[in-house]
Number of protein chains: 2
Amino acid sequence: MKTKGKATSFDIAHFAGVSQSTVSRALRNSPLVNEETRRKVWEIAKKLNYKVDKNASNLRTQQSATLAILLFEDPTGDESQINPFFLNMLGSITRACAKEGYDLLVSFQSISQDWRAEYEDSHRADGIILLGYGDYMDYQSRLQNLLAQDTKFVCWGAKVEGRPDLTVSCDNYGGGELAAQHFISSGKKQCVFIGDASEHSPEFLMRFKGFKDTLEQKSISLSERNIANAISTEESGYHATHSLLANNVKFDSLFAASDLIAIGAIKALKEAGLKIPEDVSVIGFDNIAAANYITPSLSTVQQNTTLAGQMLVSNLLALIKGEQITETLLPPKLIIRQSTS
Amino acid sequence: MKTKGKATSFDIAHFAGVSQSTVSRALRNSPLVNEETRRKVWEIAKKLNYKVDKNASNLRTQQSATLAILLFEDPTGDESQINPFFLNMLGSITRACAKEGYDLLVSFQSISQDWRAEYEDSHRADGIILLGYGDYMDYQSRLQNLLAQDTKFVCWGAKVEGRPDLTVSCDNYGGGELAAQHFISSGKKQCVFIGDASEHSPEFLMRFKGFKDTLEQKSISLSERNIANAISTEESGYHATHSLLANNVKFDSLFAASDLIAIGAIKALKEAGLKIPEDVSVIGFDNIAAANYITPSLSTVQQNTTLAGQMLVSNLLALIKGEQITETLLPPKLIIRQSTS
DNA sequence: ATGAAGTTTGACACCGGTGTCATAATGTCG
DNA sequence: CGACATTATGACACCGGTGTCAAACTTCAT
């Protein structure tokens, strides 16, 4: 009964006394095949524990029912920790793929290194999802490259020059607005922003702009002194806040471009003997799990990762099918916890 | 220059004026091919942005340079949250795969549902990594099934009946010992355990046994009343602790089978007005990120996820190569934070 | 010059499916 | 009953590589 190695459709054909073509059709429930033959074929297939060889099948059909995700790590050389926000995204993308019947190839890429998006070229995947806070200097030109090669891909967060329709992102500008509005309505007057307000981090820049513009509408200015640079790590947030305090910058409210930064900031504030939220209100961005666990718990702008994953996948699939897709902006939501109130 | 669709080795052969066979050899740096021809082929390949079609290649060679990971979710129906410990494992496994030149297919499986491990059968992957706190009733029989089909796989944490060599796990028993020793050396007398101390959760059971045995050596007994059932979620830990308190069980130290449980427990203890660690010391298991963020920060038994990922991958690769592998037990490490001291 | 050994190359079968086309079997209708 | 549509099946080319084998061409020693 059990042949050596894996069973092939020829084995089934042999046992069923039909041709291999018929087996192939029967297994894919083609209407061309007789009901009884179909049942017999299925039965034998099950008995032999037969599974279609995806390589052969994909080779013939020229598609893979697989998507690839390239996860760009934060520019820290830090070996152990991955931004939990992206892990959440990874989880929701995996789920979305499963729902659509696609497999998912995962790959981590160091931004600094030469990254390879050859999954599609090599027919491993039908399309690619790019995920990461990018440092876009070199990145942008590579995206152009992908476009030129007609590779199907969608990006999280990062705008693609000239092709905004390939982007799924949270409304970062709107998120910045929410933070500012909350500070304004609680009577805060002296705000600071911590993050990278440059083109290197498009998302951070948008958050900053939404924050700043809204404040300025209420005549609250955000001077250079009130902006501290940080990348998305706890240490970086800690140091940035530390230097603000060291420079004697006065502030009653702090908006961090990400939760990790905010967590570092809170640590620095506590160490300086400042009370949160009495002395300083703090708002982060992402709503990672830790935001709920720290003391005080962190108010933050939540990104809907479940929806984001679904949109990335469905947009990519539409793109693969050749459909037009439009840029997707997901609404952010302010979660109020103890760090403001 | 640019042909329609992706370039094939025939295209290169045509431009280089050699046969397709030679192109194939040249691209794989076979010593059989002349140095000059090789350079010419590579040059043209680069110009055409040629990438080997993995489907064709895998079909012929009957291997995929890909591993698959099946991530079993916790038995909560909870849509949004994935146990952060497993996400960490996922990250380290991804890195380990990349280091070995393998791709990784990720798939989430609900334990309750019929899970499919057909990645190897369908030649999508050369081997499979199973990851999850399992409910092993049905699980075990399926593992036997995989064994019978000669599928290459390794498991995290779950012992495979009769084949312990397929397991990579933390020394859970030793971890339980560490927790008990720490309580003993800080003079605790009344301990409780929260988790699932049954065969349904082998890891939890081992943690429990190590804990209990060590306590009993010092004549500290752990009666039925001092054990509360919980699955690995915050809510479950919260409720379990709540019911201990409601039952008037007296204790000065609490060992939770996972950090999530411990976090729930701490919440319940705080609500009951108990001080940590003065009234009750708490130790968790896993060292997830949140353990460091909560107040008080959580002492916990750390599992080395980086090493675990590497071992899972290297063991699986050895298994695929047909080598003998032995069960791997990773040493746990007690991290002391504010919740004990 | 000639046979042996070494180097480089091309022809061709093969991996295991899928899709097209021809053919056989059965049914329908004027 | 013959023409024709319908249904079910088999033969075969094909996807794009890899591996084997034989052949062509060098090089070198005899």
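Note on naming: letters A, B, ... go to the chains in the order of the sequence lines (proteins, then strands), and numbering restarts at 1 for each one. If you're wondering where the values come from, they're calculated on a predicted model, not measured in any experiment.
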> Below the 4.0 Å mark, does dG17(C) have OP1 or OP2 next to a side-chain nitrogen or oxygen of Ser57(A)?
no
> Please check the phosphate of dT18(C) (OP1 and OP2 only) for any side-chain N or O of Ser24(A) closer than 4.0 Å.
yes
> Specify the separation, in whole Å, of atom CG of Leu32(B) and atom P of dC25(D).
19 Å
> Between dC14(D) and Gln62(A), is there an OP1 or OP2 to side-chain N/O distance shorter than 4.0 Å?
no
> Would the base of dG17(D) count as contacting Arg25(B) through its side chain, where contact means a donor and an acceptor less than 3.5 Å apart?
no
> Can you find a side chain N or O atom of Ser9(B) that sits less than 4.0 Å from OP1 or OP2 on dG16(D)?
no
> Which nucleotide in the list dT9(C), dG17(D), dG17(C) gets nearest to the side chain of Ala56(B)?
dG17(D)
> His123(B) NE2 to dG17(C) P: how many Å, rounded?
8 Å
> Consider side chain to side chain contact (heavy atoms under 4.5 Å, CB included). Of Leu105(B), Leu312(B), Asp103(B), Leu316(B), which one does Leu67(B) pass it with?
Leu316(B)
> Please round to the nearest 0.5 Å and tell me the distance separating atom OG1 of Thr328(B) and atom CG of Asn315(B).
4.0 Å
> Compare every heavy atom of Leu48(A) with every heavy atom of Asp11(A), then report the nearest pair and how far apart it is.
CB-CD1, 4.2 Å
> Take atom CG of Leu59(A) and atom P of dT18(D), then tell me their distance rounded to the nearest Å.
12 Å
> Please report, rounded to the nearest Å, how far the C1' atom of dT8(C) is from the CD atom of Glu35(B).
13 Å
> Strictly below 4.0 Å: does Ser21(A) bring a side-chain N or O up to OP1 or OP2 of dT18(C)?
no
> Counting any heavy atom closer than 4.0 Å, what does Arg28(A) reach on the DNA or RNA strands: base, sugar-phosphate only, or nothing?
sugar-phosphate
> Side-chain N or O of Thr8(A) less than 4.0 angstrom from OP1 or OP2 on dG16(C)?
no
> Can you check the Arg60(A) CZ to dA13(D) C1' distance for me, whole Å?
8 Å
